[in-house]
Amino acid sequence: MRQLFAPGADALLRLALLTLAACLAALPVVGAGLVHSSYVTGVGVAPAQPVPFSHKHHSGELKIDCRYCHTTVETQATAGIPPTQTCMTCHGQIWSGSEMLEPVRASYAKDQPLVWTRLNKLPGYVYYNHSVHVTNGIGCSTCHGSVTDMQLTYRANAFEMSFCLDCHRNPEKYVRPKDQILNMSWSPPANQATLGPELVRQYHIRGGERLTECGICHR
Amino acid sequence: MSGTTIPRAGLLGRDEDFASIGRAVTEAPARTRSRAWWIAFAGACGLLGVFAAALAWLLINGVGIWHNNNPVVWALDIVAYDWWIGIACGALLTSATLRLTGAAWRSGVDRIAETTAILAAAAAALYPIIHLGRPWVFYWTLPYPNTLALWPQFRSPLVWDAVDIISFLGVCLSLWYVGLLPDLASLRDRAFGAVLAEVEARGRSRRLTLLKAQAYGILALGWRGASTHWERWLMATRTLSGLALVLVVSLQTGASVMLAGTVLPGWHDTLLPVTFLAASLLSGVGVTAALCVLVRRALHLEALITERHLALMARLMLSLGLASAYCYATEIFSSLLHGDAYDRGVLVRRLSGSHAWAFWIIVVFALLPVQLFWFGAFRRSGLVVALVGVAAAIGSFGDHFMLLIVTLSHDFLPSSAHPYSMGAWGLATLAGSIGLFLALLLLGLRTLPMVSITETRRFAESHPDGQPSGERAPTPAETAEAPLWGVSAEFDDAGTLAAAVKAMRARDFGARIETYGPVPMRRAADALGRPAGILPLLALGAALMGGIAFMALCLYATGFDYVFDVGGRPRFSWQAFLVPSVSFGTLCGGLTALLALLFQNRLPRLNHPAFAIPGFSRASEDRFFLALEAAGPRFDPARIEQALARLPDGRPLMVRRVPL
């Protein structure tokens, strides 16, 4: 019998099989990489805003309190976006002729709110309450990152379920004293291992098992 | 093993030999090019259209179209799933048991049984996905690093189903494909023969003919029928059969123990797993028997699937039918004897409630028709065997319907009782999945050998014609100068081959000895003294490791990483994790057996010097070749030729030098 396949056929078939195997192996790796990439999660991406508002300038350098603008963060589910009037309390006096602030003055004059591009958004089936977290030892920077260092505001964390669960399973690793809530450069102190459980008791946070019940977030 | 074995009585036509078996099977698909095939295929495609419509309607409206309600949350979706997987398990168990016990009559049955198992499992595989409600996220049932920081619920049958189905398809496809390898080599050689004939006649071959030969060649992965190939092939098929046996029993009893583990009346019964297994076996054997009759008639394979095969299948159905009847009777009897009020209530609802038709379908279709097989005339009638086989499958559907619906629609509380009526879309989905089964089957009839050539040949006697195969040998001018790969000798009988191997091995020719043939050559392999392979050990090791790894994964996930209270069940509920662990273990073992077979045999190898042996295409038909490959400075073709010419018992038909 003469050969049905040329001598090179083996190499080709093996190459094809190896390529197939490599593709199959690469599929989950590429998929995981894509899902965790900033292209999908939006982490670190600062979208264009009507006005290039700088948290770094306002709350970092000028030390304006977070709550000056986000007035309901301690009392309500949402932290609140300031109305144009809040901007104008200062910018009626300073930089009142700035070209950069023209949209703000236009908004004020026409009595139409500025439309900001939203950065941090949770799905509709997640019930998140700012006041519960802020008044029970979870600081702003835990979720929003060091906002005072952001020239243009970007998303600091992908708000995937695993991000929430990390904290809900081990709250003692993330709670801080009440006076540290607004501290944007807070990192767990050396004695967090002893301080954390103490704070959890103090705030009456009911352990990991209770906090991971589905109904805590999905109601 | 081959040439001198007496054909088992009645399992093969009187005049069949190696060559005629190969011809009968490889040429059979040509007989499906008939109007009947096209009509059947059109019908199957019509049912596939119904399936597409049902799935589209499901995606638009959700699982409510099946009339699922509370408390009947599992309705025709799970009934049909259990039914298909029961048929698949029954068929695979039949094939695996026959192979492990070495029953001679598996020759006509095992390929059909394995095909039934694969197609039924493929139809079943769709159900767990489509009944999810959001079928496009079916992969949520698998453990993979997701962004939710959650594990799938390993105590849930949904996860078991996913792992079970994947494992079942993996093991079953491996067994089927390994069995198919030598047959594909046979098809390849016949197709290549057609190519060569065209070249002879017209100067060149048609493109399609060559493509067909190459397609079979790639699928056969360069199988050459070397004795080492065959030895490992035997071990691989037996290992895979053993794994399939474990998988099937674990899968069927796992599903039924899950039901029996609840407190619901009608399910809470230790006999349930046995009843389940017996009923599924009956349906699997029934469908296999019906397909045997179909294949026999459609492909005119009366000589390979004989009346005796049918009679043996009929006897098997009869015994399984009796076992099933015994199980049902015991269940009823034990309910009457010591069942509580709820248990007896279920019995009454089964026998005379609104779904009593399901019970009577079992009696009329599964338990009574098999009684015909007490009579020899019915056992030998293909039509009766096929009809009873299909009836057994219908009866099995009644069984799954009764088991799930009657129990679910009425538990302990009168307030939670709710009637259930079958919806048209549930039936349409079922009919559609039958269409899928039939369409794939008809395509298989047309392209693949539906009867195992190898297994049939192992019980055949070859009729040696004493003529050397006709292919032109390389001329002395061609071999005088060219580097030699080796010297080949052609035999028409495995016994003479083994004797020649023994004689040649006694002397040192500086050559590596290998034999090639169409069936396992046990005596030649013994004479060659091949060391026992470790393939079964590798597979067993992989199966154990896979099973343990999966169990460890479940225990870690539910015991440490994500402790989640499900009805107060313990953190380490290892019993619930046994089913997917066993399934995953067998999958690992099966894939290891398949890969070990290929790697140890150095396959795939499409181009090999052995293929250049003159007349080698008959190594997959009815000839045996002895090859002495040059391996060392002492290799001298002239000496070998002399030795071959002076063999004590039986001279080779032909001795040839094979150029590299």
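We name chains A, B, ... by the order of the sequence lines, and we start the count at 1 in each one.
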Do [X] and [Y] have side chains that get closer than 4.5 Å, going by heavy atoms?
X: B:Leu148; Y: A:Glu160; value: no
X: B:Leu150; Y: A:Leu165; value: yes
X: A:Thr212; Y: B:Val563; value: no

Using a 6.0 Å cut-off, check whether atom [atom1] of [X] has over 12 heavy atoms from anything other than its own residue.
X: B:Trp140; atom1: CH2; result: no
X: A:Glu61; atom1: CD; result: yes
X: B:Arg202; atom1: CZ; result: yes
X: B:Phe572; atom1: CZ; result: yes
X: A:Arg219; atom1: CZ; result: yes

About how many Å separate [atom2] of [Y] and [atom1] of [X], when rounded to the nearest 0.5 Å?
X: B:Asn146; Y: A:Ser162; atom1: CG; atom2: OG; value: 8.0 Å
X: B:Phe616; Y: A:Gln3; atom1: CZ; atom2: CD; value: 9.5 Å
X: B:Thr147; Y: A:Met161; atom1: OG1; atom2: CE; value: 9.0 Å

(request) Sort out for me which of B:Gly222, B:Gly217, B:Gly193 touches chain A most, counting heavy-atom pairs under 4.5 Å. (result)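 That would be B:Gly217.
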
(message) Please find the pair of heavy atoms, one from B:Tyr562 and one from A:Arg169, that lie closest to each other, and give the distance.
(response) CD1-NH2, 3.2 Å

(message) Looking at every non-hydrogen atom in both residues, tell me the closest pair between B:Arg188 and A:Leu4 and how far apart they are.
(response)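 Nearest pair, atom of B:Arg188 first, then A:Leu4: CG-CD2, 3.7 Å.
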
(request) Pull out the residues in residues 6-43 of chain A that come under 4.5 Å of chain B, heavy atom to heavy atom, sorted by number. (result)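 Interface residues of residues 6-43 of chain A: A:Ala6, A:Pro7, A:Ala9, A:Asp10, A:Leu13, A:Arg14, A:Leu17, A:Val35, A:His36.
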
